[in-house]
2 protein chains.
Amino acid sequence: MMQGAVCHGVPAALLPTGVGRGPYAYQTFRDLIDAYRFDRPAGFTVKLEGEATATVYYLVSGWLVLSKSTANGHRQIVDVVLPGGILDPVSADACTSIVEIEPLTDVSFAAVPREDWHRMLSENPSITREIDIINRAAIARMFERMLRLGKGSAESIIAFAIYELHLRSTVLGMTDGYRLRIPMTQQQLGDFCGLSAVHVCRTLRRLKRHGVLEVTDHMDIRIRDIDALTEIAGIDPDALRQEIIPAA
Amino acid sequence: MMQGAVCHGVPAALLPTGVGRGPYAYQTFRDLIDAYRFDRPAGFTVKLEGEATATVYYLVSGWLVLSKSTANGHRQIVDVVLPGGILDPVSADACTSIVEIEPLTDVSFAAVPREDWHRMLSENPSITREIDIINRAAIARMFERMLRLGKGSAESIIAFAIYELHLRSTVLGMTDGYRLRIPMTQQQLGDFCGLSAVHVCRTLRRLKRHGVLEVTDHMDIRIRDIDALTEIAGIDPDALRQEIIPAA
DNA sequence: CGATTAGTTGAGGAGACTCAAACATTGTGG
DNA sequence: CCACAATGTTTGAGTCTCCTCAACTAATCG
């Protein structure tokens, strides 16, 4: 049912809304995206380096995760990118890549040469502003996640992750009420929440047992008690929405 | 000795380097900063909200931390801001503040109205680029910290924090070789590393016992075995420097 | 010089980890 | 169409890290 929206097509909320409202700006941005658009199946992985970093990525559809890993094999997913997300994976020295990128689903994205990207921005101040807002939202949700990664129980970080992904998906029109398919394994959710896969499993089952969630068939989630979920996650729903949802 | 550099005056590396190299750009930026500059003692706190968020802060000297806290009293420091750092504490909706701000020392900063800030940027593309780089560096170091916050032992996150702060301070000319004064209590370091103050204490003592650090008198730190420190933190020193140090 | 704040140390407990084995689901080749 | 492999989830047992509580010491300051 809703897989379609996740993996294919441009969600209604994506290009039309939010990014450039004037007809000219809209055309420009969209043309640029279309010109450099690629489709890739779920399997591929990118370790960005060298000239690959001279590129700005704009996700049109599908889910990506950005992660870092340590020498001893641990991995932390630092952000989940949903359609409309921007990926500018270049560190301070403008040539070392910061993160590894992994698609969770089939993805469609635009790989725009940095030069073209910046030209487009300089010609379209309104888009610059929109993108600024998108970036702010990304930082805001990272802050929230750090809060729960550092302090906070397994329950609270998992509850937060699920609530965050549900909220963001809903804004993109990818949910069916309180139902949400998260295209991650428990291992990946663990890498996102700083937990072992085993503990993710136990925690999800506890949430299920307490009637907060329903989890079926590989992360097909239904939120049964949203108040309990936000309570466990330590979320003020209105404040969170204002912080992490790009609103112009 | 080096406290002077931490708390007062403009570190050599700050305004002159990095931010705007042409005489015109340099003048403009510096004038703006000077026009809106404030000094504040260590004690004050800001909870930014309302029109306060229509302001961009540029830290001239001193240390600040940005933190978030939960309803149940836990706090996570999401970043430490050193001289030259920019603080644009506005979330996606452009009016809710994301973070609380706390100075660790006496600070001198410029509180620039957003409008003026953006005008300055639009008139000085080179400064825009510099600031972009500063922001990237901030994100890169947050990614690194998230990796250790999620996975990683108390030793590794503390070792990382100390190494990071030493590296950044060194670039700003605020260290004396391997000596560094971190103006944080163990409680604050714990809030930064996602640990209790008690465990910070134990961990520091262990590092001391193993000859990695020397800790005297309220976080006056000397790194005795930098290789051991990077090993424990899981750091590749060259790569880290490239990622988190703004280099133009 | 007491009062406050920060750091140290011990004891005990809870939460999350690892290892390991069983089970479920999906996909594949014979 | 079945057997089997591969992948992911579930559950149990045991351990270790880190937390909390609490008492004590050290340093700082009016």
Side-chain angles (χ1 to χ4, degrees), chain A residues 3 41-43 45 65 70 72-76 102 104-105 148-162 181-210 213-221 232 234, chain B residues 3 41-43 45 70 72-76 102 104-105 148-162 181-210 213-221 232:
Chain A
Q3 265 97 323
T45 27
V65 292
T70 59
N72 54 48
H74 287 285
R75 188 172 85 128
Q76 176 68 42
E102 183 187 339
L104 298 177
T105 65
R148 280 139 189 112
L149 267 185
K151 326 283 163 146
S153 59
E155 275 201 353
S156 101
I157 176 84
I158 287 188
F160 182 83
I162 290 172
R181 174 164 180 77
I182 298 181
M184 298 171 114
T185 63
Q186 293 186 350
Q187 175 66 54
Q188 288 165 329
L189 187 55
D191 289 344
F192 189 40
C193 296
L195 301 167
S196 71
V198 171
H199 205 63
V200 168
C201 174
R202 286 190 223 276
T203 307
L204 282 177
R205 306 227 95 234
R206 194 173 338 133
L207 291 172
K208 201 168 161 182
R209 208 161 46 238
H210 294 357
L213 297 178
E214 208 167 89
V215 186
T216 49
D217 179 45
H218 275 253
M219 300 280 94
D220 231 326
I221 290 176
I232 292 167
Chain B
Q3 265 98 322
T45 28
T70 60
N72 54 47
H74 287 284
R75 188 172 85 129
Q76 177 68 42
E102 182 187 339
L104 298 178
T105 65
R148 280 139 189 114
L149 223 43
K151 325 284 162 144
S153 60
E155 275 202 352
S156 102
I157 175 85
I158 286 188
F160 181 84
I162 289 173
R181 173 163 181 78
I182 298 181
M184 298 171 112
T185 63
Q186 292 186 350
Q187 176 66 54
Q188 287 165 329
L189 187 56
D191 289 344
F192 188 40
C193 296
L195 300 167
S196 71
V198 172
H199 205 62
V200 168
C201 174
R202 286 190 224 277
T203 307
L204 283 176
R205 306 227 96 234
R206 194 173 337 134
L207 291 172
K208 201 168 161 182
R209 210 162 42 239
H210 293 357
L213 297 178
E214 208 167 90
V215 186
T216 49
D217 177 47
H218 276 254
M219 300 280 95
D220 231 326
I221 290 177
I232 291 167

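All of these numbers come straight from a predicted model, not from anything done at the bench.
Taken to the nearest 0.5 Å, the CZ atom of B/Arg206 stands 9.0 Å off from the CD1 atom of B/Ile232. Between the CG atom in B/Leu195 and the CZ atom in B/Arg202 there is a gap of 12.0 Å [rounded to 0.5 Å]. The CG atom of B/Leu213 sits 4.5 Å away from the CD1 atom of B/Ile162 when rounded to the nearest 0.5 Å. Atoms OG and NE2, on B/Ser196 and B/His74 in that order, are 10.5 Å from each other to the nearest 0.5 Å.
Following rounding to the nearest Å, B/His218 (NE2) and D/dA26 (P) show an atom-to-atom distance of 13 Å. Atom CZ of A/Arg205 and atom P of C/dC23 are 15 Å apart (whole Å). Rounded to whole angstrom, the span from the CE atom of A/Met219 across to the P atom of C/dT25 amounts to 14 Å. At whole-Å resolution of the value, NZ in B/Lys151 and C1' in D/dC18 are 17 Å apart. Here D/dA26 presents its C1' atom at 11 Å from CG of B/Asp217, a figure rounded to the nearest Å. Taking atom CD1 of residue B/Ile158 and atom C1' of nucleotide C/dG7, one finds them 14 Å apart after rounding to whole Å. One atom, NE2 of A/His74, and another, C1' of C/dT18, lie 11 Å apart when rounded to the nearest Å. Spacing between atom CD of B/Gln187 and atom C1' of D/dC21 amounts to 14 Å, rounded to whole angstrom units.
Looking only at distances, no side-chain donor or acceptor of B/Arg148 sits under 3.5 Å from a matching main-chain atom of A/Thr70. Put simply, the side chain of B/Glu214 never gets that close to the backbone of B/Lys208: no donor and acceptor are under 3.5 Å apart.
Residues from residues 190-204 of chain B that place a heavy atom under 4.0 Å from any atom of DNA chain C, listed by number: B/Val198, B/Cys201, B/Arg202.
Here the side chain of B/Thr185 is nearest to one of C/dT9, C/dT18, C/dG7, namely C/dG7.
Between A/Gln186 and D/dT10, a side-chain N or O to OP1/OP2 separation shorter than 4.0 Å is present.
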